[in-house]
Amino acid sequence: MNIKEAKEEIVRTIRAYLKKDELGAYEIPVERQRPVLIMGPPGIGKTAIMRQIAEEMNIGLVSYTITHHTRQSAIGLPFISKKEFGGREYSVTEYTMSEIVASVYDHIAKSGRKEGILFLDEINCVSETLVPTMLQFLQMKTFGTHKLPDAFVLVCAGNPPEYNRSVRDFDIVTLDRVKRLDVLEDLEAFTEYAAERRIHAAVTSYLSIHPDHFYSVKNEADGRHFVTARAWEDLAGALAVYEELGQPVTEGFVGAYLQDPEIAAGFLVYYELWNRYRNVYQVPEILAGTAPARPEMKSAPFDEKVSLIALLSDAVTGELAASVREKAAAKSLFEDLKALRTALQRKDGTSINALSILRDTANEKERSLGAAHELGLISRENETLARLELKSLREIISVLAKEGYGDAARDFDLVRGWFAAREAERKARIASTGERLANVFHFLNESFGEGQEMVMFLSQLSKSKDAMRFITENGSEAYFTYSRLLLLKDRREELKAEIMSL
């Protein structure tokens, strides 16, 4: 299976393990809840999906790389205690709480989430002294004498021996106590993930041209050369920041991520062409509707067409995603203002002040965001939304501090007027964004007609959840028109093939 399918199976497993009967007992007893074991090559996203699952299911996550632990840190340190047996006192060896188990309880106390995942990476690389302890943990969710909370599901991950020299094979006794998922690298799953995360389009378009470069491990005379999904994602993130800073993208920079000289050199050449295409084809002008059609592009090389489509798709989906984020932040802000109105309408005789209420709201949201960030309970996207909401709250607070009347009704009217003006501006930007999307469709149709280039653009657009959300909520006559035309064209080709076969 690929990493996306593994994620779906883990979600189903966690739901099953946490399901209780009408009396509050687990439907699958804890001792029968096999730990999930994900086996697959490094860098394909095993750790990343754990964070996604925890956030989407609103449960906790504690993550450890088990190779960093000794027997002492895993099961605790010994100490001597006194106990009485049969009327006599004896010295007994006990253990402090396991660092791993203690961190789970600490996470529960800080986050308030009693259900969650304990993720142990590189499980098949444990030291010799930890092997018996790990077998006990996999079977009973117990380190030494300290038990993992029943509502925390154990998920482990490991690499096959061909990727890691320190790997030890699991015996049948161990394997018979886990729910094993074998995961393979998959470019299609990565492409979907890249569209959701808006990974640099130079990376995704290069991989669409060279799919065999997505994941590669070679043993050469001069050493081991490799490229992983993690390497491509990290390179993409660094590329975006280097471009913002105006820093050069060099062979050394690319090679630090893509540790295969041939693939690194190939990507660097493509990236230089990518930048040239970005300048030549004037993407901003295409979005604005001022760029002329380029019918000569029909005879351009395939990689040049792919690059142009990727540039246009990246630019327009970025604007569509920004619009979706703006709407989500505005919706949260609207709820804050509804709560403000309710507070200002209190009739219990207490002193009420819009400015102080909003300051308290902003401070509490900032504290909550900081705690979620520290515990790793919030994705970057949701953190961005929260910061947009906070930014707007701070702007309203600034307006009230300068122009407020100290009167509840008049201050709320001031806030409502500010929000209405912002909403009018946001809706105008929605209309402008829709026009820019239509301009891209018009350019592609004038330049290529209803060929494979239009299909490629529609395909890339459909992989972006934010783009589809924008189109669903706001409509796009151009999108629906060209989608219908392409569907009709496909149907005509199918009918033609059927007739010819008859």
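All residue numbers refer to positions in the sequence shown, counting from 1. Only heavy atoms go into these numbers, but all of them, side chains included; no hydrogens, no water, no symmetry mates.
Look at Arg197 and Glu233 and you find no salt bridge, because none of the NZ, NE, NH1 or NH2 atoms lies under 4.0 Å from a carboxylate O. Taking 4.0 Å as the cut-off between side-chain N and carboxylate O, Lys218 and Asp260 count as a salt-bridged pair. Taking the charged nitrogens against the carboxylate oxygens, Lys4 and Glu9 have no contact shorter than 4.0 Å, which rules out a salt bridge. Salt-bridge annotation for Glu56 and Lys7: present, with a side-chain N of the basic residue lying under 4.0 Å from a carboxylate O of the acidic one. Between Glu326 and Arg426 there is no salt bridge, since no side-chain N of the basic residue sits under 4.0 Å from a carboxylate O of the acidic one. Contact check on Arg230 versus Asp234 returns no salt bridge, with no Lys/Arg side-chain nitrogen under 4.0 Å from an Asp/Glu carboxylate oxygen. For Asp314 and Arg198, the salt-bridge test passes: some basic side-chain N is under 4.0 Å from an acidic carboxylate O.
Between the Lys365 side chain and the Leu390 main chain, no donor and acceptor come within less than 3.5 Å of each other. A donor-acceptor contact shorter than 3.5 Å links the side chain of Thr384 to the backbone of Arg380. Looking at Ser205, its side chain does come within 3.5 Å of a backbone N or O of Ala201 through a donor-acceptor pair. Although no hydrogens or angles enter the test, the distance criterion places a donor-acceptor pair under 3.5 Å between the side chain of Thr191 and the main chain of Leu187. Using modelled atom types, no side-chain atom of Asn382 and backbone atom of Ile378 make a donor-acceptor pair closer than 3.5 Å. For Ser462 (side chain) and Ser459 (main-chain N/O), a donor-acceptor pair under 3.5 Å exists by modelled atom type. Judged purely by atom type and a 3.5 angstrom limit, Arg180 has no side-chain atom pairing as donor or acceptor with the backbone of Leu37. Of the possible donor and acceptor atoms, none in the side chain of Asn58 sits under 3.5 Å from a partner among the backbone N and O of Ala54.
For the residue pair Thr13/Lys179, the side-chain donor-acceptor check at 3.5 Å is satisfied.
Under a cut-off of 6.0 angstrom, the local environment of NE2 in His225 is crowded, with over 12 non-hydrogen atoms contributed by other residues, nucleotides or ligands. The environment of Phe480 atom CZ is dense: over 12 non-hydrogen atoms of other residues, nucleotides or ligands sit within 6.0 angstrom. Around the CD atom of Glu251, the shell of radius 6.0 Å holds no more than 12 heavy atoms that belong to other residues, nucleotides or ligands. In this structure, Glu262 places its CD atom where only 12 or fewer heavy-atom neighbours from other residues, nucleotides or ligands lie under 6.0 Å away. In His373, the NE2 atom is not crowded: 12 or fewer heavy atoms of neighbouring residues, nucleotides or ligands sit closer than 6.0 Å.
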* Asked: Given Leu333 and Glu423, is the side-chain contact (heavy atoms from CB on, under 4.5 Å) satisfied, shown in steps?
  -> CA-CA 11 Å; Leu333 182 63; Glu423 278 296 279; over 6 Å; no

* For Phe441 and Thr481, run side-chain contact (heavy atoms from CB on, under 4.5 Å): C-alpha distance rounded to whole Å, both residues' side-chain angles, the deciding distance at 0.1 Å, then the answer. => CA-CA 10 Å; Phe441 275 112; Thr481 297; over 6 Å; no

* Stepwise side-chain contact (heavy atoms from CB on, under 4.5 Å) check, Tyr270 with His210 -> CA-CA 11 Å; Tyr270 176 78; His210 303 282; 5.8 Å; no

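At a threshold of 4.5 Å between non-hydrogen side-chain atoms, the residues Phe190 and Leu207 count as touching. Annotation: side chain of Met468 is not in contact with side chain of Lys463 (no heavy-atom distance under 4.5 Å). In this structure the side chain of Arg51 never reaches within 4.5 angstrom of the side chain of Glu55, judged on heavy atoms. Using a 4.5 Å heavy-atom cutoff, the side chains of Ser483 and Leu458 are in contact. At a threshold of 4.5 Å between non-hydrogen side-chain atoms, the residues Asp182 and Met1 do not count as touching.
Aromatic rings from Phe119 and Tyr64 are positioned such that their centres are separated by 6.0 Å or more.
Residues passing the salt bridge (Lys or Arg N to Asp or Glu O under 4.0 Å) test with Lys465 are Glu196, sequence neighbours excluded. Annotation: ring-ring contact (aromatic ring centres under 6.0 Å, His included) contacts of Phe267 (sequence neighbours excluded): Tyr206, Trp232.
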